[in-house]
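This report concerns only the one structure given below.
All values reported here derive from a predicted model rather than from experimental measurement. The basis for the numbers below is simple: all heavy atoms, side chains too, and nothing from hydrogens, waters or symmetry mates.
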Amino acid sequence: MKIMGLDIGGANTDCCIFNITDENKLKLLKTSKEYLPMWNKKEELYNLLNEFKKYDADVICVTITAELSDGFISKKEGINYIIDIVDDLFNKKIVKYVTYDGLKDYEEIKENPLNAAAANWIGSAALIKYIKKNCVFMDMGSTTTDIIPIINKKEAAIGHDDTDRLCAGELVYTGMLRTNVATITHEVPVNSKTATVSSELFAITADVNMILGNITEDKYTCNTPDGNCKDLISCKRRLSRVVCGDLDTISNENIENIAQYIHNQQIIQVSKGLLKVVERTGLDTVVITNLSHGTICKKAAKQLGLNIIDLEEFLSKELCDITPTLGSIIMYLELTSEIKENLPIFID
């Protein structure tokens, strides 16, 4: 049997496809992370998912976060738009949607669309509990950072929708690529002085991470703020504009110092959310994955003196970047088959 996990987000649509072997293990066939900005290209979702249809999966497990995109008037509109596309493409298959109350089918989501809104972290928790039954899972993606407490192999979040999760520290709206640097700090160092930053969308964290060597150009998968190139010089040019300068007026040393300062401030952002979760739960171990070679979650955990487990010790990098897709598959298999306690054995 083939089984597919889909994570349909506002900026990226992720996919993994596995064969389920006779020994009840998962054999990876394909992973995919496709940049699709739903705020202005939602009509392209049909064709993208149609490409995945050719793999002829028997079961499709879906998580959705794209409903918050301003391509939709409301979350309900977004959920209904997406599940109608999925239902049209995979209507002869078994399709399940991740919700706070387990997996649901099309009719149940149609009746209560908000149950499927922003629930991809539920899928992640279903995966991580097999690695560590008591921990905080930290996952920084292109746009946001999830901080998910897991106690006795169950997610223990106090927030379920995005707003409540933001209040609880369980969601920090900052990421490796798409975050406007002006939302991370209001000032940066320049020539041994302090400059307040412009509030324009001049530069994003992808520019910062390119300058610091945390990502390569091929990992700069989102659009640039100015619509220009993604090479190192272009990234430095964009970052210089944050203090209303350019490459003629802001030295390379200053640009690199600004990038490092923004990086450090983003660590503080994440650590504040993590501290809320740790103080509430008493958990002292984090399982971490960061997009590309980012180290923000790890540094935030170190600042708080927590024990750190790197998810890459258990899964390939490609799967670490799309944990909700694998987690949604595990949720399905938990309902239909015997799951082994040791995840590395479970995945072949």
Subject >> Single-linkage hydrophobic cluster Leu36~Leu68, side-chain heavy atoms < 4.5 angstrom >> reply: no
Original post:
With Thr325, which of Cys61, Cys16, Ser32 fulfils side chain to side chain contact (heavy atoms under 4.5 Å, CB included)?
Top reply: Cys16
Original post:
Any side-chain heavy atom of Lys25 within less than 4.5 Å of one from Ile20?
Top reply: no
Original post:
What residue among Leu311, Ile148, Thr63, Asp7 forms side chain to side chain contact (heavy atoms under 4.5 Å, CB included) with Ser124?
Top reply: Ile148
**OP:** Determine whether Val181 and Val208 make a side-chain contact, defined as any pair of heavy atoms from C-beta on separated by less than 4.5 Å.
**Re:** yes
**OP:** Following the transitive rule for hydrophobic clusters with a side-chain heavy-atom cut-off under 4.5 Å over Ile, Leu, Val, Met, Phe, Trp and Tyr, establish whether Val98 and Val86 coincide in one cluster.
**Re:** no
Subject >> Short side-chain donor-acceptor distance under 3.5 Å, Lys133 and Asn152 >> reply: no
Original post:
Is any side-chain N of the basic residue among Lys129 and Glu155 closer than 4.0 Å to the acidic one's carboxylate O?
Top reply: no
Original post:
Is any side-chain heavy atom of Ile215 closer than 4.5 Å to a side-chain heavy atom of Leu177?
Top reply: yes
Original post:
Of Asn209, Thr174, Thr185, which is the lone residue that meets side-chain hydrogen bond (donor to acceptor under 3.5 Å, both in side chains) with Gln266?
Top reply: Thr174
Subject >> Student check: side-chain heavy atoms of Ile211 and Ile255 closer than 4.5 Å >> reply: yes
**OP:** Heavy atoms only: give me the nearest Ser198-Arg241 pair and the separation to one decimal.
**Re:** OG-O, 3.6 Å
Original post:
Do Ile122 and Leu326 belong to the same hydrophobic cluster, where Ile, Leu, Val, Met, Phe, Trp and Tyr are linked whenever their side-chain heavy atoms lie under 4.5 Å apart, directly or via other members?
Top reply: yes
Original post:
How far apart are the C-alpha atoms of Asn112 and Glu108, what are their side-chain angles, what is the distance that settles it, and do they pass the side-chain hydrogen bond (donor to acceptor under 3.5 Å, both in side chains) test?
Top reply: CA-CA 6 Å; Asn112 297 293; Glu108 291 171 298; over 6 Å; no
**OP:** For the residue pair Phe137 and Thr289, establish whether any side-chain heavy-atom pair is separated by less than 4.5 Å.
**Re:** yes
Subject >> Within one Ile-Leu-Val-Met-Phe-Trp-Tyr cluster: Leu304 and Ile151, side-chain cutoff 4.5 Å >> reply: yes
Original post:
So do the side chains of Leu239 and Ile262 get within less than 4.5 Å of each other, counting heavy atoms only?
Top reply: yes
Subject >> Nearest heavy atoms of Leu212 and Glu256, plus distance in Å >> reply: CD2-O, 4.5 Å
Original post:
Can you tell me if Asn191 and Asn254 form a side-chain donor-acceptor pair at under 3.5 Å?
Top reply: yes
Subject >> Partner of Arg238 by salt bridge (Lys or Arg N to Asp or Glu O under 4.0 Å), out of Asp246, Asp231, Asp207 >> reply: Asp207
Atom pairs and distances, donor-acceptor, side-chain atoms in residues 156-164, under 3.5 Å, two or more places apart:
| residue | atom | partner | partner atom | Å |
| --- | --- | --- | --- | --- |
| Asp161 | OD1 | Thr163 | N | 3.3 |
| Asp161 | OD1 | Asp164 | N | 2.8 |

Original post:
Are any of the side-chain nitrogens in Lys317 or Glu312 under 4.0 Å away from the carboxylate oxygens of its partner?
Top reply: yes
**OP:** Give the intermediate values and the outcome of side chain to side chain contact (heavy atoms under 4.5 Å, CB included) for residues Ile288 and Asp310.
**Re:** CA-CA 5 Å; Ile288 291 177; Asp310 194 327; 5.8 Å; no
Name every donor-acceptor pair, under 3.5 Å, that has one atom in a side chain of residues 87-97 and the other anywhere in the protein, sequence neighbours excluded.
| residue | atom | partner | partner atom | Å |
| --- | --- | --- | --- | --- |
| Asp88 | OD2 | Tyr46 | OH | 3.2 |
| Lys93 | NZ | Asp56 | OD1 | 2.7 |

Original post:
How far apart are the C-alpha atoms of Asp146 and Arg165, what are their side-chain angles, what is the distance that settles it, and do they pass the salt bridge (Lys or Arg N to Asp or Glu O under 4.0 Å) test?
Top reply: CA-CA 9 Å; Asp146 286 315; Arg165 294 183 69 220; 2.7 Å; yes
Subject >> Short N-O contact, Lys54 and Glu51, less than 4.0 angstrom >> reply: yes
**OP:** Let me see the working for Asp226 and Arg237 under salt bridge (Lys or Arg N to Asp or Glu O under 4.0 Å), right down to the final yes or no.
**Re:** CA-CA 10 Å; Asp226 58 4; Arg237 182 180 298 112; over 6 Å; no
Subject >> Stepwise salt bridge (Lys or Arg N to Asp or Glu O under 4.0 Å) check, Glu318 with Lys30 >> reply: CA-CA 10 Å; Glu318 57 187 345; Lys30 178 180 177 60; over 6 Å; no
**OP:** Indicate if Leu171 and Val287 have the same hydrophobic cluster label, given that clusters are the connected sets of ILVMFWY residues with side-chain heavy-atom separations under 4.5 angstrom.
**Re:** no
**OP:** Please assess Lys33 against Asp14 for the test salt bridge (Lys or Arg N to Asp or Glu O under 4.0 Å), listing each intermediate value before the final yes or no.
**Re:** CA-CA 4 Å; Lys33 178 179 280 289; Asp14 301 337; 3.0 Å; yes
Original post:
With side chains defined as the heavy atoms from C-beta onward, is the minimum distance between Asn307 and Val286 less than 4.5 Å?
Top reply: no
Original post:
Do the non-hydrogen side-chain atoms of Ile309 and Thr285 ever get within less than 4.5 Å of each other?
Top reply: yes
Original post:
Does atom NZ of Lys75 have more than 12 heavy-atom neighbours from other groups under 6.0 Å away?
Top reply: yes
